[in-house]
Amino acid sequence: APPRLSLICDGRVLERYILEAKEAENVTMGCAEGCSLSENITVPDTKVNFYAWKRMEVGQQAIEVWQGLALLSEAVLRGQALLANSSQPSETLQLHMDKAVSGLRSLTSLLRALGAQKEAISPPDTASAAPLRTFTVDTLCKLFRIYSNFLRGKLKLYTGEACRRGDR
Amino acid sequence: PPPNLPDPKFESKAALLGTRGPEELLCFTERLEDLVCFWEEAASPGVGSNNYSFSYQLEGEPWKPCRLHQAPTARGAVRFWCSLPTADTSSFVPLELLVTVASSGALRYHRIIHVNEVVLLDAPVGLLARLADEGGHVVLRWLPPPGAPMTTHIRYEVDVSAGNGAGGAQRVEILEGRTECVLSNLRGRTRYTFAVRARMAEPSFGGFWSAWSEPVSLLT
Amino acid sequence: PPPNLPDPKFESKAALLGTRGPEELLCFTERLEDLVCFWEEAASPGVGSNNYSFSYQLEGEPWKPCRLHQAPTARGAVRFWCSLPTADTSSFVPLELLVTVASSGALRYHRIIHVNEVVLLDAPVGLLARLADEGGHVVLRWLPPPGAPMTTHIRYEVDVSAGNGAGGAQRVEILEGRTECVLSNLRGRTRYTFAVRARMAEPSFGGFWSAWSEPVSLLT
């Protein structure tokens, strides 16, 4: 395997981003005031139904992860901009938002090196691929929960399987 | 999914969790494709599953009802439970649970859970202990809980007890995905008993320790 | 992020790296959520941070400016530095750096780095040395650099020096994640001094050895 492949396959690397996301989620969990966003932001669906996931084509899993990650990155950038424009942005929230922006960029790069982008655009039956399910969120607390659930779920599952395939 | 009659496996898992808090609404999944929620209360004449209403909502989807069952517990109380359909046992999304009293609409329980955070696996199986060829080490091997999901995400704990009860028990943490360990600090000419239990690993998953496996023993 | 006034910690880290190559553009991160780049040059009248322009580009994104600061160094030169915003300190992504002379546009520096490959941790803390109960071994323990990221990815090096200077220093490599070691090959009735330093482990990370911790000493 090329050396870049091993980086995200080192579970501790991904774990760092997951822990960062959980921390951001925990920090905003209770906040009502100062947490609402001035507009709705579109985010990917984080839900994993294991019965369905196990029966899904690798290409479809890759689409869910790759496109989901792109949408999530846009959402967090939008959140960052809205937070910066709000009347009294909290420094803590801004730091978590900045770390999320930075982390999602790293994860995108790591997943590209793992081949997720290629897998996501070349499934044999592209026509039958289901469109990406999305939601909208209107608070930072929901945005960070999506961020955390996406990393812990789809991203971690896909990465684990892709790394095992790469091992063979 | 548990049938309407008391199932010994469900009974033992409910008992394992029930010790954490009576009168609480508890939920667990065994394979991430199932979810059962239950509570126990003192039996009282005329109070049955029709007296309560259980509903749930996956974020972004409509509320749905879940049919309640009831059965007497081994301790003489009554247990109410409901089992979600596989299509609705999704992980990594908030799942809101609501139990109300059917007649008055009064709130009995309200919880938000993530299915991936309430995993209660079966016990590991096939535990074997042998003396290594040299150095007096003991090698333990076992198999993941049968039918368990995502076995690379399961971590284990080994219990080591000296047979004579002296010296107390020792617990060894095993890294996720590993199903063996080498114990090197045991005393000679001693009968040891070993057992192992399992749980899904953080941070993607969470939940409870499984029951202990069948124990095995060995004379060093 | 370093303020406009010389910060003793930044100063000492810059000095640690500065010994590697003067007149070079050097960058480091302390916690993987920060990045500071700097170079030093002979002070010359009228040359200040406005004379240079620093810009950077994360792969696939637009070029952005980074505001340059300047301060005199302990050695009488001048140091120019800039600190990237946290949101742009992504690891595992190529980061292109460009310094030009503002007036002419002439190229001064051009480098492509990965933030995860230029980690410069703080020194480990809390180093303790004690004689083991038996065998004359020395046991060392310490703590990871305070606030360091991913402590399981940090490896260490221990420096062992005999107090009288005879026998020279000995370096012991410690596996990543470990924060203790047992030294068994020391001479008796000798005063030894120990220190430990840290760096992030390859292949996921790279960078530089931290400064040495506060030393401790002990009579065997």
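When reading the values below, keep in mind they use all heavy atoms of this one structure, side chains included, and skip hydrogens, waters and symmetry mates.
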(request) I would like to know whether A:Arg152 and B:Glu117 meet salt bridge (Lys or Arg N to Asp or Glu O under 4.0 Å); could you show each step before the answer? (result) CA-CA 11 Å; A:Arg152 295 166 70 197; B:Glu117 289 175 357; 2.8 Å; yes
(message) With a 4.5 angstrom heavy-atom cut-off, is it the side chain or the backbone of A:Lys47 that approaches chain B, or both, or neither?
(response) both
(request) Identify which part of A:Phe50 has an atom lying under 4.5 Å from any heavy atom of chain B, answering side chain, backbone, both or neither. (result) both
Would you say [atom1] of [X] has more than 12 non-hydrogen atoms from neighbouring residues, nucleotides or ligands within 6.0 angstrom?
X: B:Glu61; atom1: CD; answer: yes
X: A:Glu39; atom1: CD; answer: yes
X: A:Tyr51; atom1: OH; answer: no

(request) Could you pull out the closest heavy-atom pair between A:Thr46 and B:Phe92, with the gap in Å? (result) OG1-O, 2.7 Å
(message) Less than 4.0 angstrom from a charged side-chain N to a carboxylate O is my criterion; do B:Glu33 and A:Lys54 meet it?
(response) yes
(request) Applying side chain to side chain contact (heavy atoms under 4.5 Å, CB included), run through A:Phe135 and B:Val93 and close with a yes or a no. (result) CA-CA 12 Å; A:Phe135 283 102; B:Val93 65; over 6 Å; no
(request) Please flag which part of B:Pro203 lies under 4.5 Å from any non-hydrogen atom of chain A: side chain, backbone, both or neither. (result) both
(message) Let me confirm one number: the OG-NZ distance from B:Ser204 to A:Lys22, rounded to the nearest 0.5 Å.
(response) 8.5 Å
(request) Could you tell me the separation between the CD1 atom of A:Ile18 and the CD atom of B:Glu202, rounded to the nearest 0.5 Å? (result) 12.0 Å
(message) Just so I understand: if I count every heavy-atom pair under 4.5 Å between each of A:Asp45, A:Val48, A:Leu151 and chain B, which residue has the most?
(response) A:Val48
(request) Report yes if some heavy atom in the side chain of B:Leu32 is under 4.5 Å from a heavy atom in the side chain of A:Trp53; otherwise report no. (result) no
(message) Apply salt bridge (Lys or Arg N to Asp or Glu O under 4.0 Å) to residues B:Glu59 and A:Arg145 and explain how you reach the verdict.
(response) CA-CA 12 Å; B:Glu59 193 172 64; A:Arg145 194 174 61 212; 2.2 Å; yes
